[in-house]
Amino acid sequence: MIKSHQTKLPQGVLLLLQGMGLLLLTFFLFQIFSTGKGMPYLLAILAGLGALCILHRPDWGVLVLLMVWFLDFSPRILAVRFLSLPYLVVGVLLIPFTLSILRDRVIWVFRVPQVKIFLLIGIFLLVSTWWSLEQHPLSIVPEFDSTERMLHLFFARLIFLVFFIYFITTQKRIELAVFLALVLILMAAQSAWPALLSGKDVGRARATFSLAANSNRLAFICLFATSLLWFYRASLQTRWKSLIVPLLFFLPATALKTGSRSGFIQMIVLAVLILKEQEGWSAIKRIHSFLFLGAVLIFLSVIVPATQYMRATSFDPTTQAPGKQSLNHRITRIGHLLETAASNPILGIGIGNFRWLNQIRYGDDRQPHNSYLGTLAESGAPVLSLYLLLFYFTYRMLNQLKRSGPRELLWLSKGLRVNFILFLVFSAFADFWVNDFLYLIIGLTVAMTVLWQRQDVTAVQLPPRSVPLLTPVGLTALS
C-alpha cells in the first residue's frame, strides 16, 4: 500500500482560506447582480471554470473545438479576433500539450504519417501562396480572394488534429467524440425540416446553421451519420437498438430531400457497401438487413417530392430537369480548372485564388466544386499527390483496423471505412479538403490505431512508455 505524504493544513488556515473564498464569491456576486456592470466578472468566472475543466480533461477542449467549428459559433471578447472561443481553447490546450511533451521528451504525434504529410502540404501551400503573390501582387477582385481564410482553416484544422490524436486516447473518449458528431449532425438535419413541412415551396433542404446550410454538404453529413448508426445498431445486442431505427429513415430522407446529385450517388454507394460489409453474418441477419434497406427505399419513394428526386437523378445536361443550369456550370468549370492547372502545374495559382482569377478569365466566380481538380489548379500537382498519399495511408489503416483492430470498436472501424469512401466520392463534387470531417475521420482512425497498439502492449506486458512506438500499417515510421 502506498502511503500518502501529504500533510493536512491546520484548522485555522482552512478557516481563513474558506473565509477568503466566501468573501471573493460574495464580491463577484454583488458586482454581477447589483448595477448590471458585472457581466465581465461573470464571464471571467465562467472562463476560469472552463479553463480548469479543460486543464483537468483536455479531451473536453478538443470536443469544444469540434462543436464550435461545426456550429460556426465563435464569440469574441472585446471584438478581438484572437480572443474568440477557439483561440482561447487552443491556448489552454497548449498547457497540457506542453506538459505531455516535457513528460515524454518527444513529440511522438509528429511521427504519425498523416501529420507529417499535412505538414508537407502546409509547406507547399505557403510556397504556392508566395509564388502567387509574386505573380499577382494584388488580387483584382479582392472580395473573391480567400487565400488568408483558406490558409487559416488548414493550419487551424491541423492543430485540431494534433490535439485530437494527443488527447482522445481511450475507447470512451473516442465514442464520446463520435456521439457528439452524431448529435450535431442530427441537430443540423432537424433544422432543415420546419421549412420543408411549412407547405411553402422552399426548394432543396438545407440546415439553418453550420456547413450544412449548403444542401450538398447536408446530404453528405446525413449519410455520414447513417453509416455510423447502421453499424453501431448492428453491433448492439440489446433492445435499445430499436431506438436507432427511426434515425435510419430520417437521415436518408433528409439527404434525398436536398436534391443533391452527389448525395444520390453516395446513397447508392452506401447501400452497396452496407450489403458488402456483412461478412460473418447469418443468413437470417442478412435477409433482415436486405428487407430493412427495402423498407427505407419504399419510405423514401413516398416522402421525397418528385422535384427533388428528379434533380438528384438528373445527370444529362441536355435534359430539361431541375438543376440543369447547375450541372452545365459544373461541367464547364471542369474545363476551366484543367486549363488553370495546365498553366501552373507545379505550384498552382495559390490556394483561394481560383474564384477571382476565374471571374476575370471566364466571368464565373463560383467555387471549383471539385476538391481534386481544385487542389491541382490552386496548389499544384505535388500537393494533390500528397493528398492522395494521405488518403492511401488512411484507407490502409482503416482496413487494418477492420481486420485486427479493437473488437469493441469494430462498428466504428467499418463505419469510418465506409464514410471515408463516401468522402472520396463527395470530394469530386465539393471543396471539402479543409473541412472538419476529413480531420475528424483521420483523427478517429489514428486514435483507434493508438488504442489498439496500447492494448497489444498491455497484452504482452511491455512498459506503457513504449506506446508511441506504433507498428500497424501506416504507422511503421514511428518505430
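Note: hydrogens, waters and symmetry copies are ignored here, and every other heavy atom, side chains too, is used. Small disclaimer: the values here were computed from a predicted structure and weren't measured.
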Legend entry - N370 (side chain) donor-acceptor with F429 (main chain) under 3.5 angstrom: no
Inset, instruction - Look only at the side chain of R407 and the backbone of G405, and say whether a donor-acceptor pair between them is shorter than 3.5 Å. - result: yes
Got [X] and [Y] here, is their nearest side-chain heavy-atom distance under 4.5 Å?
X	Y	answer
I185	F437	yes
V434	R157	no
L151	F155	yes
L125	S379	yes
M448	S413	yes

Working to the nearest 0.5 Å, report the span between [atom1] of [X] and [atom2] of [Y].
X	Y	atom1	atom2	answer
L373	E378	CG	CD	11.5 Å
L180	L184	CG	CG	4.5 Å
E277	W230	CD	CH2	12.0 Å
L424	I441	CG	CD1	8.0 Å
Q114	T394	CD	OG1	4.0 Å
L390	I121	CG	CD1	5.5 Å

Inset, instruction - Would you kindly say whether N399 and R417 are connected by a side-chain donor-acceptor distance under 3.5 Å? - result: yes
Inset, instruction - Consider only side-chain N and O atoms of W356 and N353, and report whether a donor and an acceptor are under 3.5 Å apart. - result: yes
Inset, instruction - Could you give me the CA-CA distance, side-chain angles and deciding distance for F391 and Y395, then say whether ring-ring contact (aromatic ring centres under 6.0 Å, His included) is met? - result: CA-CA 6 Å; F391 300 154; Y395 186 74; over 10 Å; no
Inset, instruction - Please step through side-chain contact (heavy atoms from CB on, under 4.5 Å) for the pair L55 and L93, ending with a clear verdict. - result: CA-CA 7 Å; L55 289 174; L93 284 174; over 6 Å; no
Would you call the rings of [X] and [Y] parallel, tilted or perpendicular if under 30° counts as parallel and over 60° as perpendicular?
X	Y	result
F220	F432	perpendicular
Y87	H152	tilted
F423	F420	parallel
F179	W411	parallel

Minimum heavy-atom distance between [X] and [Y], given as atom pair plus value:
X	Y	answer
A212	I221	CB-CD1, 3.6 Å
S227	N419	CB-OD1, 3.2 Å
I117	L386	CG2-O, 3.4 Å

Inset, instruction - Please say which of F154, F426, F118, Y372 ends up in a ring-ring contact (aromatic ring centres under 6.0 Å, His included) with W433. - result: Y372
Inset, instruction - Report yes or no: is the cationic atom of R173 (NZ for Lys, CZ for Arg) closer than 6.0 Å to the six-membered ring centre of W60, at no more than 45° off its axis? - result: no
Inset, instruction - Please step through ring-ring contact (aromatic ring centres under 6.0 Å, His included) for the pair F97 and Y166, ending with a clear verdict. - result: CA-CA 8 Å; F97 180 68; Y166 231 89; 5.0 Å; yes
Inset, instruction - Decide if atom CH2 of W131 counts as having more than 12 heavy atoms of other residues, nucleotides or ligands within a radius under 6.0 Å. - result: no
Inset, instruction - In sequence, state the C-alpha distance, the side-chain angles, and the governing distance for S260 and N216, and then conclude on side-chain hydrogen bond (donor to acceptor under 3.5 Å, both in side chains). - result: CA-CA 5 Å; S260 170; N216 296 322; 2.9 Å; yes
